[in-house]
Amino acid sequence: MKSMPDSWRRETKPHKFCPGCGHGLVLKALGMAMDRLKIADRTVFGVDIGCSLLAWDFFNADTIQTHHGRTVPVIIGAKRARPNLVGIAYMGDGGGYAIGSQHLINATMRNDRILIIIVNNTIYAMTGGQMAPTTLKGQKTETSSRGRDPKYEGFPLRGPEMVASFAPEGAYVARGSVSHVQRLARYLERGLENQLQDRGISVVEALSTCPTNWRTNAEDTWKFLEKEMTDYYPVGELVSPFKRDTQKEAADLETCH
Amino acid sequence: MKSMPDSWRRETKPHKFCPGCGHGLVLKALGMAMDRLKIADRTVFGVDIGCSLLAWDFFNADTIQTHHGRTVPVIIGAKRARPNLVGIAYMGDGGGYAIGSQHLINATMRNDRILIIIVNNTIYAMTGGQMAPTTLKGQKTETSSRGRDPKYEGFPLRGPEMVASFAPEGAYVARGSVSHVQRLARYLERGLENQLQDRGISVVEALSTCPTNWRTNAEDTWKFLEKEMTDYYPVGELVSPFKRDTQKEAADLETCH
Amino acid sequence: MKLATKRIAMGGEGGQGVQSAADILAEAAYEEGKEALYIPNFGIEQRGGVSLAFVQIGDEPAGSPKFKQADFVVALSGRSLERLIGFLWEDTIILYDSAWLAPPTVSDQVVGWQSYDTTAPDFFAERGVTDRRQKFPEIKQKVKNIFALPASEIAMEKLHPRVSNVIILGATARLTGVVQLESIKKALENRLASKIKRDPNLKILNFNALELGWEAGERMLKSPAYSAAT
Amino acid sequence: MKLATKRIAMGGEGGQGVQSAADILAEAAYEEGKEALYIPNFGIEQRGGVSLAFVQIGDEPAGSPKFKQADFVVALSGRSLERLIGFLWEDTIILYDSAWLAPPTVSDQVVGWQSYDTTAPDFFAERGVTDRRQKFPEIKQKVKNIFALPASEIAMEKLHPRVSNVIILGATARLTGVVQLESIKKALENRLASKIKRDPNLKILNFNALELGWEAGERMLKSPAYSAAT
Amino acid sequence: MISKLETKKDEYPRPVEGERQAFMYGNEVVVWAALAAGAECLYGYPITPQNEVMHYWSRLAPDYGGKFLQTEDELSAGFATLGGIMAGARCFSATAGPGTILFQEPLAMAEMMRIPIVLVVQQRGGPSTATVIYSQQEVFLTIFGGNGEGLRIVYSPGSHQEMYDYTLKAFDVAWKHRFPTLVLGDGYQAKMRERVLLYDPAARGMEIEPTVPFVGLPGVPGVDREPAHWRNAFSVEEELYEELEPIINDYYRIAPSLMEKEEGYLDGAELILTGHGIVGRAVRTAVKELREEGFPVGFFRPLTLRPFPGKDLIRILDDCPRLLVVESAQGQLAKLIRISIGGELDHRVQMYPYFRPGLGISAEELVEEAKAILNGKREQKQEKEFSMSML
Amino acid sequence: MISKLETKKDEYPRPVEGERQAFMYGNEVVVWAALAAGAECLYGYPITPQNEVMHYWSRLAPDYGGKFLQTEDELSAGFATLGGIMAGARCFSATAGPGTILFQEPLAMAEMMRIPIVLVVQQRGGPSTATVIYSQQEVFLTIFGGNGEGLRIVYSPGSHQEMYDYTLKAFDVAWKHRFPTLVLGDGYQAKMRERVLLYDPAARGMEIEPTVPFVGLPGVPGVDREPAHWRNAFSVEEELYEELEPIINDYYRIAPSLMEKEEGYLDGAELILTGHGIVGRAVRTAVKELREEGFPVGFFRPLTLRPFPGKDLIRILDDCPRLLVVESAQGQLAKLIRISIGGELDHRVQMYPYFRPGLGISAEELVEEAKAILNGKREQKQEKEFSMSML
Amino acid sequence: MSITFTKNKWEGPKGVFIVSPDLCKGCGLCIEKCPSQVIDWTKETGIYGTPIVGAKRIDRCTACSICVLVCPDAAIDVEKNKM
Amino acid sequence: MSITFTKNKWEGPKGVFIVSPDLCKGCGLCIEKCPSQVIDWTKETGIYGTPIVGAKRIDRCTACSICVLVCPDAAIDVEKNKM
Ligand SMILES: Cc1ncc(C[n+]2csc(CCOP(=O)(O)OP(=O)(O)O)c2C)c(N)n1
Ligand SMILES: Cc1ncc(C[n+]2csc(CCOP(=O)(O)OP(=O)(O)O)c2C)c(N)n1
Ligand code: SF4
Ligand code: SF4
Ligand code: SF4
Ligand code: SF4
Ligand code: SF4
Ligand code: SF4
Ligand SMILES: [Mg+2]
Ligand SMILES: [Mg+2]
């Protein structure tokens, strides 16, 4: 197994994420998918504002660091102008479900041929740990110091489920987790394949970690991700235009962590 | 039967909508609901930019005409500041599902205690008939002169279904039509009751007419609404925190048109 | 102020076809090699209320799309004439449809008025001649002349209610003297091209209306109906 | 330029506690009735990279939060000292942790550096003393004095690795002469109040560290380790 | 690997062949100019009075290989336009009023990253929703609306012909200098109909700077070439300053070559009238009229509002220190003028305001106003009003 | 029917009793000032460097009956704030950088409808995302960012004490005059920690204008009273003009009473230094230092950027026609100055730029710069640079 | 409420059909929806200068009030006869 | 690729465990995930000045590569012995 996907740019490593940050793992999964499909040379990788911006020089792939919540339109604009490009819009849960949610909704409706990756770390990480749409019930953040209260702040948003509810034909929607990097890589690969085959939009949420703002050690980081988050946010494919290959899936499950 | 609900402001009638405009009927249904609940005196009625702005002086109720897509936050701001007010956010499908969709999504997630009314006329009416998220497949508009093509513009958005997919406990979601004014009035009344009982958000879409931009005569206006639109946009309650009173419903159906 | 450029302000109810009349007039002038400028007055509403149009025709490009004083004011309804009163000056010639519609007054603190491209879809009810004529609005300004033409009645009786605006257009063209009959026919045909293709009678109908109007204008020029009123 | 206000620039790796040390120093001065201003240097990243803090203490409010020349430069790591070289002038006194961490250089065309509030959560791995010391960065500027204090080693051996920043703080306070030991103890206690409640030993531990540093500062003042180097 | 840019195919006809006279609406003129300049994509969101730009484009452009997308809002329209441009396509958009506000976010990004976006702004009344008709109230927004230094190029045409000329030019200038370039029209220009001469720029020997992709370049990144890594976020002050300084320097280096203006009847003028856009046209007409009547007036009409041709105005005011500033706004042009001349003259300038925010202005009323000034009927009060608006 | 306004109950403690010395972060100062002014709701969206305003408020405010909502973006934050204010609550928000851009849409609505919104802007580097740290590049955005005439009141404090004073005052002024009122800080002020004296305005006899609801008024609308019908859209030009004129007149009527500035060491000054906000503080310190060294310099520090205290500056420049303009932006303050003085003086003013977009400025460097000017080392090139930036 | 609108009335066996020319904009929606084909255009014009409706075949009117419900301008009233 | 990172190696029965001090930020995620408790902290510090990991109990290492997969910084390599 390669520790570093070929599409990673070694010159810019170590990357700029904190110790233990899940972004590194999501990008590892993405790198694996890009390696497998050999598309780094025609990819436009768009990163949002949020910790995802730290990936502006992450890949050996042309990259645009955009504005908070605006990566989806930037990538759509590029993709529609030059359909042979592979468009990837990479963002946090704040960028995807709060300030950029109109773009997510309307891109899904239009079935834009891009891959949207939303990193769900239940928090606004870059700005120092405020509540996100994905913050869990009772979870304490800088702007929910008494814990998120559903009465005033609502229940956490399950983004892929929402997208799936009206995802058009040809769309691919899944939720992976950095605690299963290979499975996440598979989802991302399918999302990209879907785009390569001009079928429809792909939206993949990745459950991720933010030890810095969670203030967790390694043990609690994994626990929060694998227990609390995964309980509320089930991992799996929600909508897929691919024929299910159950054998392959079983094999996946074995090798996935 | 009263032709004009008490909550309508007679001084400003005839209203400013075109001949045959469905907005008048949605507002009639809303007026009926307000009359029944006797809440005109503590209502804040917010109207969007879009033809809904023409209702800025429509009711004997305090009204704020806001910006395009921004009526939801304005009403939320008022409601949270003074919870005893009854907040109604009235807008078009452009305001609700395009430029303001982030507010719709996040208000739903937070379960804000307001009633959102989205008038679906499959078009941007006020600006002269451009495509809306709700424009039907193949429908010709000023910006889809060859008819809406799902390959490039996607399939029409079913808003209430999307909202329902993640509507929290206590939410009320329905789709009515101006071809059934009384049933629409009932939905709006339930949406308001839901707010009065502090249960959750209410989102009611109203299928409506726009003979001016559809360029239809009375007959075709009804036909487009009742056949084309209703085929794709089924009318009914999607999510309701109310116990179903089947007797009452049956009675409704009889009197509804 | 007297200018070489002719300034024409037209008004009517939304759906009376004021905008197309004005636009065709300008286009005809352009086709003749004149400098023409047409601009609609448009507001927030799609339909309803008063519809105003402004045309300037001359040898030099117009200085600004709108103007303060009109050389010609053409009114197809009472309400619209009220809105045009501010444009009157001592040299204004007024032409109005003396078979007015007479709507009751609408509260005017409304979001406004008016309407761009407000020709009603064909499918709406045909506009008829009303039984109640609105009285002529009070004009406190000295003007040069006021001409009456019962265009709607003529249209109704001799042609078709839809073409009353074309009759007015014909009269306006003649009265203002800014274009030839032929040019305006050409512009009209241009504009209706696709419709005429479907229904060739349309051309005849419209040309007839134009000619009726043109002739009426001719007669007016010969025997001014009113002299400058106060 | 010589000013009445003392300008102190501190730097270290994110997580070394530079910000709290600087903040406590400023607060202590404030408590003594002095005019104090503390400002962190913060960038886009949450953690990682160099963490800088600026403190000014005097009798008059500071003119601007940042300054061009520091009277004291306190460096807890080699990389941070490199970032502080621009602040040196002939009157600068440098104090550094001579048990440096020696990270390999990171490419600097990164989105930047730095970090606000970067104290690592308690839960991260404890920071140890490295085997590889980074060589002192090349300083081309004449400075007044350079003092070495192996704070990390002292902390590790005598107290606890976490308090090396407090040892440095003690030494800085003494060297700069801007505050009394008592004031800084009070400020430290203030800041740790809630933690001390949970674990009263923390207070003793930190006070000990402070005193160790203070005494080291005392000794330095008596026998300057280096004289102005080029 | 992408073998070649998928730009517009050669099989498409040229939108404008040679020269063609037409009687057109302003929004239509914009579309023909964009087509003639080789524009490939319009991503936009409807707003009156620019809607017809989208209507005409979505109808016409496909015949010339152009693409269209109606987005969910102006933020999306603006950022999609940036994405399209960075992919190497000649993209533009059009907006107005509250839409111009939202466009400031993508414009700010374009300013930082030197993305050659072309935006047509058809001003409407403001502030807020106001009217859908007309004003000149988006001048400051268009120039300085972002969180930066207004490193933009702004043209203010006054006729359909200029609208055509400057929209064409905007594409050239934007791609040549890589600054956001805006064409500032208004509702009158958008909706009025008048003569225009369309021409194929190539037929006139005009070259329009070709587009160059920022991303999706040929070759395997990391193997054949460095990957293109574009960003607008920086961590420390100094880093930003280093990035920004050359951009600012570039801007001011090219500025002198960009400034355009029209002036006339300056000889012996005792009063200068100035106005931009459609108002500049009324100003010119009024001055001509006044001169014909023997009044000593001249005019100055800036065609670029940014950079502002202030040096020319200073020269003019050096000779004639009386200025009537005419605009359908409360002193926005006046402020641009004062920015240019402030402290640069060794005498006072008597400035007279003719500020009509949101209102159209006719040549006739300017003739009267100028006469009133020349006849000494507009002193104290007017000047005070002017100074007041400059606070 | 609503019997009474559900405003803050009397049972809540006063946030600040009497007076209290504190050593605080700037964002914390903002929150205490808002609480002391009786603010009831903060609806906001996180952005560095103002995040802690939201952190402190969401923690502290509930104890004083305050409410908090983190919205989905700045558009929502701004419009929710308008909704809360119209419901009669004292609401405010805080933002920065790209957030300040998005806030222009609600601010434009507030300008048209006279909604007394208070917004704290903590400037960061620009344009675009740039840095999260510091700049003075949001001056024009804050003043003129909407699609209108900039009918706003903008304070630029330079210390925590002024931050407290002017944030308090902002609420009073906003509700008294019904114009959007902004407090323009920056990342340094937001994140630095220094002394401040908090006080209860009531204890000092300061009255803060009470809030009045726009909607949800007592009585049955249409029966006991007219319904409140609020709008910002108008159909014809004249209607807008009629609506706008009294607003503009009101603004300029109150403007003279709003302007604030600090000046010093003007006697015999041969060079005036000017700067606002945190830079104004460096300017003052530098001038003091220079005077102590015997250099003839004075300073002018505008505290209101809008309306700008230009009359005072004209008076100063009348005596001393040399001005060093210092700012962490490329001439935004300089432009405000030129707007004020343009054409008003009967002599030239020598203007020297000290423009450092996005960079902090220390007193030390200003001392050096001023000396260089006084020693004649900064003539041609500098002045040219200045004029260039004014185009 | 002091605001009144002009009224055109047709009295029929089941009730009175009332149209207000001040309100009717002539959209024709009611014509289509009347189950008994009672309503049709009249020669009179209303507020928009367009023809307005009347109860051409009032005898057929069942006073079902569907027309009242579907008029977007609240221009129709139907007073049921007491039976 | 000319970019190389320093490597600390531990050779075990099933394979070689390699950590790069240039990459390891000391997050500890790998320690938690190693099913055989092979990994632990060392005395050495890495790029962030924080302690980095090593294969304290290399004998137990099954060369399963889970650690390789979970390291967000790609700081671990495991070379399986050929068998
Ligand atoms: C318009 C605008 N508003 C606010 C911000 C400040 N901001 C930067 S990142 C961020 C939140 C990031 O959270 P998320 O998208 O979840 O990404 P994460 O950092 O958690 O990976 C915010 C609010 C901004 N840059 N632009
Ligand atoms: C920010 C902004 N963008 C665009 C507009 C222009 N605009 C006004 S109404 C409207 C669309 C209205 O459509 P919809 O919301 O469906 O309402 P309808 O008129 O169909 O009832 C648009 C795009 C605006 N006012 N503000
Ligand atoms: S703050 Fe959280 S999300 Fe951001 S880089 Fe650090 S760990 Fe990752
Ligand atoms: S344009 Fe359509 S939606 Fe708007 S008022 Fe007219 S009919 Fe109604
Ligand atoms: S009451 Fe019923 S039957 Fe009578 S006119 Fe109305 S719809 Fe027709
Ligand atoms: S539905 Fe109403 S407005 Fe329409 S024609 Fe009938 S009565 Fe008139
Ligand atoms: S290869 Fe497997 S057993 Fe060996 S260290 Fe890694 S995780 Fe542990
Ligand atoms: S997971 Fe990677 S970075 Fe974290 S401690 Fe292990 S080797 Fe180091
Ligand atoms: Mg996040
Ligand atoms: Mg609509």
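Just so it is clear: chains get the letters A, B, ... in the order the sequence lines come, proteins before strands, and each one is counted from 1.
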Engineer: In Å, rounded to the nearest 0.5 Å, how long is the span from CD of Glu72(E) to CD1 of Ile99(B)?
Structural biologist: 9.5 Å
Engineer: Heavy-atom distance under 4.5 Å between the side chains of Glu142(B) and Glu52(E), does that happen here?
Structural biologist: no
Engineer: Could you report the tightest heavy-atom contact between Ser145(B) and Ser58(E), atom names first, then the distance?
Structural biologist: OG-O, 4.4 Å
Engineer: With a 4.5 angstrom heavy-atom cut-off, could you sort out which part of Leu102(E) is near chain B: side chain, backbone, both or neither?
Structural biologist: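 Looking at Leu102(E), just its side chain touches chain B.
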Engineer: What part of Tyr56(E) gets closer than 4.5 Å to chain B, counting heavy atoms only: side chain, backbone, both or neither?
Structural biologist: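 For Tyr56(E), no heavy atom lies under 4.5 Å from chain B.
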Engineer: Any heavy-atom pair between the side chains of Gln65(B) and Thr129(E) that's under 4.5 Å?
Structural biologist: yes
Engineer: For a side-chain hydrogen bond (donor to acceptor under 3.5 Å, both in side chains) check, start with the C-alpha distance between Ser128(E) and His67(B), then their side-chain angles and the critical distance, and finish with the verdict.
Structural biologist: CA-CA 8 Å; Ser128(E) 190; His67(B) 274 204; 2.6 Å; yes
Engineer: Of the backbone (N, CA, C, O) and the side chain (C-beta and beyond), which part of Pro62(E) lies under 4.5 Å from a heavy atom of chain B, both, or neither?
Structural biologist: side chain
Engineer: Tell me the closest heavy-atom pair linking Thr127(B) and Pro46(E), and the distance in Å.
Structural biologist: OG1-CB, 4.2 Å
Engineer: With a 4.5 angstrom heavy-atom cut-off, which part of Thr66(B) approaches chain E: side chain, backbone, both or neither?
Structural biologist: backbone
Engineer: Among Thr48(E), Ile47(E), Asn51(E), who wins on heavy-atom pairs under 4.5 Å with chain B?
Structural biologist: Asn51(E)
Engineer: Could you look at Ser76(E) and say if it's the side chain, the backbone, both or neither that has a heavy atom under 4.5 Å from chain B?
Structural biologist: neither
Engineer: Check whether Gln70(E) reaches the backbone of Met131(B) with its side chain - one donor and one acceptor, N or O, closer than 3.5 Å.
Structural biologist: yes
